[in-house]
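In what follows, residues are counted from 1 in the order of the sequence shown.
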Amino acid sequence: MKMNLRKTGLLAAAGILSATQLVAQTPTVNEVKPFAPETEYRTWSVGAHIGLLNQSNLIGLRRRFDKVEHNFGYGLYVKRQILPGFGVQAEYLGGKVAGAYEDNNNTFETKMPWSLALSANVTLANINWRHHQGIIKPYLNVGIGALGFEPTAEINGSSTTYEQTTELFVPGGVGLKFAVTNDIAIDLGYRLNLVQSANFDGVSTGGSKDIFSYTHLGVEFALGDKRKPFLGNSNPVSGMQKEYQAHYDEILAQKAALEAQKAENEKLQAQVERLFADLADDDGDGVANRYDKCPDTPEKTKVDGTGCPLPEPKAPVVQKIVVTDEDRRVVDEAIQNLEFDLGKATIRPTSHVSLNKVAALLIEKNFSLKLAGHTDNTGSMQTNMRLSKERAEAVKAYLVSKGANQSRIEATGYGPTQPIATNNTAAGRQENRRVEFTLY
């Protein structure tokens, strides 16, 4: 008995240690939304457990042998998780069950080389204090299976061993699974097994069916892609809460962004309003209020860059030009005395005295003077046009050299186009070779 308990403790400790060592090797698990398809999860797992077999039970039923003896038991199972709270598992259980009477030496020992059962495993809740995956998972287990057993009974000094018998049995129990990682869970459970035989303990008198219990400690390993969560650890309600919280946080972030954008828009709007206020032109003079130093100028008033009225322009002073008879006499004298070298624009010195008087008159009275050069029709038109222009320009140059205002003297050549006498006589041609002076 003591040896069996020692073995049980050592094996349990070894299982827990192995599970703990695997925690650090667990990779990051992908997030899965609530009610995701089954393909997003791992659904297969295997488990192993060891424990104590005896004829006692938590509901107070005890068969004929009232002295409880504990013996070593062991088991393996394969489980298919169908829903987060429901799975189906196929399980093997082996070991032996023994008992005795308190007041005599009657005993029994039943070996169980094997048992196979198919059970439904119902997770009552995924209790979660720190994580979104269930940490503590209470469960119920009930099923049906076949059991091979070999009872030996020693009654009143007579020992009887029966051949191995196969009977149906109904396992049902409760337990807790502690999720160490997404892959590993520690399994602590208690199971009551109802054997469909009255001879499980080697004593068939009375006809009632035998019961034995199994208290066990084990480890369950999820199979498959370690990046996927195990369906048995999934808690849809917690997942929904997490997703809701994520959406809520996103909404809060969007709201904060909108509030910040609204504040920025209001700031920009205030700046635009100030800008429009600065650019407004209430008096319509084309100068913005911000820069208008005379903001109330009447409509259509011409203003300067500061918005103030421009001074009224002064009427130009028109100096009346009066040409007297004396002035005309001076000019006529100059015309009569004006002589050029033959065929040239060179003024002869005899003409200088009269031209000096014209220059003095232009300077004194600020007159304007038009000079018109003319020739007779002797020679080509081109030559005569050039010569008439050059003689008018020669007179202008002389007057300017004596101080007359160049801008007030106009010199033009007309050639033979404006004769004042006939070109058929020498006297007529002499009259046509002239430079006319016009004061104004």
Q | Ser407 versus Asn405, side-chain donor and acceptor atoms under 3.5 Å | A | yes

Q: Evaluate the criterion side-chain contact (heavy atoms from CB on, under 4.5 Å) for residue pair Ile409 and Leu362; output intermediate values, then yes/no.
A: CA-CA 9 Å; Ile409 302 175; Leu362 294 176; 4.1 Å; yes

Q.
Looking at every non-hydrogen atom in both residues, tell me the closest pair between Gly373 and Ala392 and how far apart they are.
A. N-CB, 4.0 Å

Q.
Surrounding CD of Gln382 (heavy atoms of other residues, nucleotides or ligands, distance under 6.0 Å), is the total greater than 12?
A. no

**Q.** Parallel, tilted or perpendicular, as decided by the 30° and 60° cut-offs, for the rings of Tyr214 and His49
**A.** tilted

Q. With side chains defined as the heavy atoms from C-beta onward, is the minimum distance between Leu439 and Lys365 less than 4.5 Å?
A. no

Q. CZ/Phe230 to CG/Leu223 distance, rounded to the nearest 0.5 angstrom?
A. 8.0 Å

Q: Identify, with sequence neighbours excluded, every residue that meets side-chain contact (heavy atoms from CB on, under 4.5 Å) alongside Gln406.
A: Lys396, Val400

Q) Got a second to check how far Asn104's CG is from Asn156's CG, nearest 0.5 Å? A) 7.0 Å

Q: Would you indicate whether Lys111, at its atom NZ, is surrounded by more than 12 heavy atoms from other residues, nucleotides or ligands within a distance under 6.0 Å?
A: no

Q: Rounded to the nearest 0.5 Å, what's the gap from CD on Gln269 to NZ on Lys262? Could you check?
A: 11.0 Å

Q) Got a second to check how far Lys67's NZ is from Asn54's CG, nearest 0.5 Å? A) 14.0 Å

Q) Which heavy atom of Phe86 sits nearest a heavy atom of Ala120, and at what distance? A) CE1-CB, 3.7 Å

Q) Heavy-atom distance under 4.5 Å between the side chains of Ile155 and Thr160, does that happen here? A) no

**Q.** Side chains of Leu231 and Pro84 in contact at under 4.5 Å (non-hydrogen atoms)
**A.** yes

Q. Would you say the side chain of His352 lies within less than 4.5 Å of the side chain of Ile347, judging by non-hydrogen atoms?
A. yes

Q.
Looking at every non-hydrogen atom in both residues, tell me the closest pair between Lys402 and Ile363 and how far apart they are.
A. O-CD1, 3.4 Å

Q: Could you tell me whether the side chain of Ser115 and the main chain of Leu93 form a donor-acceptor pair under 3.5 Å?
A: yes

Q: Starting at CG of Asp327, measure out to CZ of Phe437 and round the result to the nearest 0.5 Å.
A: 14.0 Å

Q) Does some side-chain heavy atom of Asn71 sit less than 4.5 Å from a side-chain heavy atom of Glu109? A) no

Q.
Is the shortest side-chain heavy-atom distance between Thr43 and Arg80 below 4.5 Å?
A. yes

Could you pull out all donor-acceptor pairs under 3.5 Å where a side-chain atom in residues 164-177 meets a protein atom, sequence neighbours excluded?
{"from": "Gln164", "atom 1": "OE1", "to": "Trp114", "atom 2": "NE1", "distance (Å)": "3.1"}
{"from": "Gln164", "atom 1": "NE2", "to": "Glu150", "atom 2": "OE2", "distance (Å)": "2.9"}
{"from": "Thr165", "atom 1": "OG1", "to": "Glu163", "atom 2": "O", "distance (Å)": "3.2"}
{"from": "Lys177", "atom 1": "NZ", "to": "Glu220", "atom 2": "OE1", "distance (Å)": "2.4"}

**Q.** Side chain Tyr414, main chain Ser388, donor-acceptor under 3.5 Å
**A.** no

Q) Quick one: do the Asn265 and Gln261 side chains pair a donor with an acceptor below 3.5 Å? A) yes

Q. What pair of heavy atoms forms the shortest contact from Leu355 to Leu399, and how long is it?
A. O-CD2, 3.4 Å

Q: May I ask you to test the Lys226-Arg42 pair for a side-chain heavy-atom distance under 4.5 Å?
A: yes

Q | Sequence-distant partners of Phe200, ring pair (Phe, Tyr, Trp, His ring centres under 6.0 Å), two or more places apart | A | Phe149, Phe212

Q. Just wondering, do Lys96 and Leu53 contact through their side chains at under 4.5 Å, heavy atoms?
A. no

Q) If only atom types and distance count, is the side chain of Arg191 paired as donor or acceptor with the main-chain N or O of Ser213 below 3.5 Å? A) no

Q: Please confirm whether the backbone N or O of Gln81 pairs with a side-chain atom of Asn121, one donor and one acceptor, at under 3.5 Å?
A: no

Q) Where do Glu69 and Ala100 come nearest, in terms of heavy atoms and distance? A) OE2-CB, 3.9 Å

Q.
Does either side chain, that of Asn233 or that of Lys137, offer a donor lying less than 3.5 Å from an acceptor on the other one?
A. yes

Q) Thr110 and Asp201: side-chain donor and acceptor closer than 3.5 Å? A) no

(Q) Using the rule given for side-chain contact (heavy atoms from CB on, under 4.5 Å), can you reason through Ser159 versus Thr152, listing the C-alpha separation, both sets of side-chain angles and the distance that settles it, and then say yes or no? (A) CA-CA 7 Å; Ser159 180; Thr152 298; 3.9 Å; yes

Q. Between Phe340 and Val435, does a side-chain contact (heavy atoms from CB on, under 4.5 Å) hold up when you go through it step by step?
A. CA-CA 10 Å; Phe340 294 92; Val435 175; 3.9 Å; yes

Q: Report the distance from atom CD1 of Ile211 to atom NZ of Lys209, rounding to the nearest 0.5 Å.
A: 10.5 Å

Q | Modelled atom types, side-chain donor and acceptor of Arg408 and Asn366, under 3.5 Å | A | yes

Q. Closest approach of Pro151 and Asn199, non-hydrogen atoms and distance?
A. CG-O, 3.6 Å

